[in-house]
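Note sheet for the following structure.
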Amino acid sequence: SEAVGADPAEAMTGEAEVTFVVQGEPQRLLTFQYDRAFLKAGHEVAGPAIVHQFDSTTVVNPGLVARAARMRVAVTPIEGGVAISAKPES
């Protein structure tokens, strides 16, 4: 189903400090974690974030935004980020 807005709070499962390389240097950053099963088309996840799915994990790096798409496998570029999805669109 489609999201009412871009806020993915209903899919958030927790947070943790995760190390990312930012401008060539390792940095520990507070990173929100999400369950892909609860993201709806149109939800946006700002990095740093991790999206868990039963068969994969998507890491959204700091400074990027992921947008959940309707049932597609690709992680594709969008303005300022990537689109995440679950399986091929029919």
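Note that these values count all heavy atoms, side chains included, but never hydrogens, waters or copies made by symmetry.
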Take Asp35 and His52 through the test side chain to side chain contact (heavy atoms under 4.5 Å, CB included) and record every step on the way to the result.
CA-CA 5 Å; Asp35 184 334; His52 298 279; 5.8 Å; no

Using atom types as modelled, flag every donor-acceptor pair under 3.5 Å from a side chain in residues 14-27 to any protein atom, sequence neighbours excluded.
residue	atom	partner	partner atom	Å
Glu17	OE1	Arg28	NE	3.3
Thr19	OG1	Arg28	NH1	3.2

Got a donor-acceptor contact below 3.5 angstrom from the His43 side chain to the Asp7 backbone?
yes

Before you tell me yes or no, could you show the steps for Leu39 and Val45 under side chain to side chain contact (heavy atoms under 4.5 Å, CB included), namely the whole-Å CA-CA distance, both residues' side-chain angles and the distance that decides it to 0.1 Å?
CA-CA 9 Å; Leu39 288 174; Val45 175; 4.2 Å; yes

If I compare all heavy atoms of Met12 with all of Phe32, which pair ends up nearest, and what's the gap?
SD-CD2, 3.7 Å

Checking the side chain of Thr31 only, and the main-chain atoms of Ala49 only, is there a donor and an acceptor separated by less than 3.5 Å?
no

Any chance you could measure Phe54, atom CZ, to Arg36, atom CZ, to the nearest 0.5 Å?
11.0 Å

How many angstroms lie between atom CD1 of Ile50 and atom OG1 of Thr57, to the nearest 0.5 angstrom?
7.5 Å

Measure the shortest side-chain to side-chain distance between Val65 and Val60 over non-hydrogen atoms and say whether it is less than 4.5 angstrom.
no

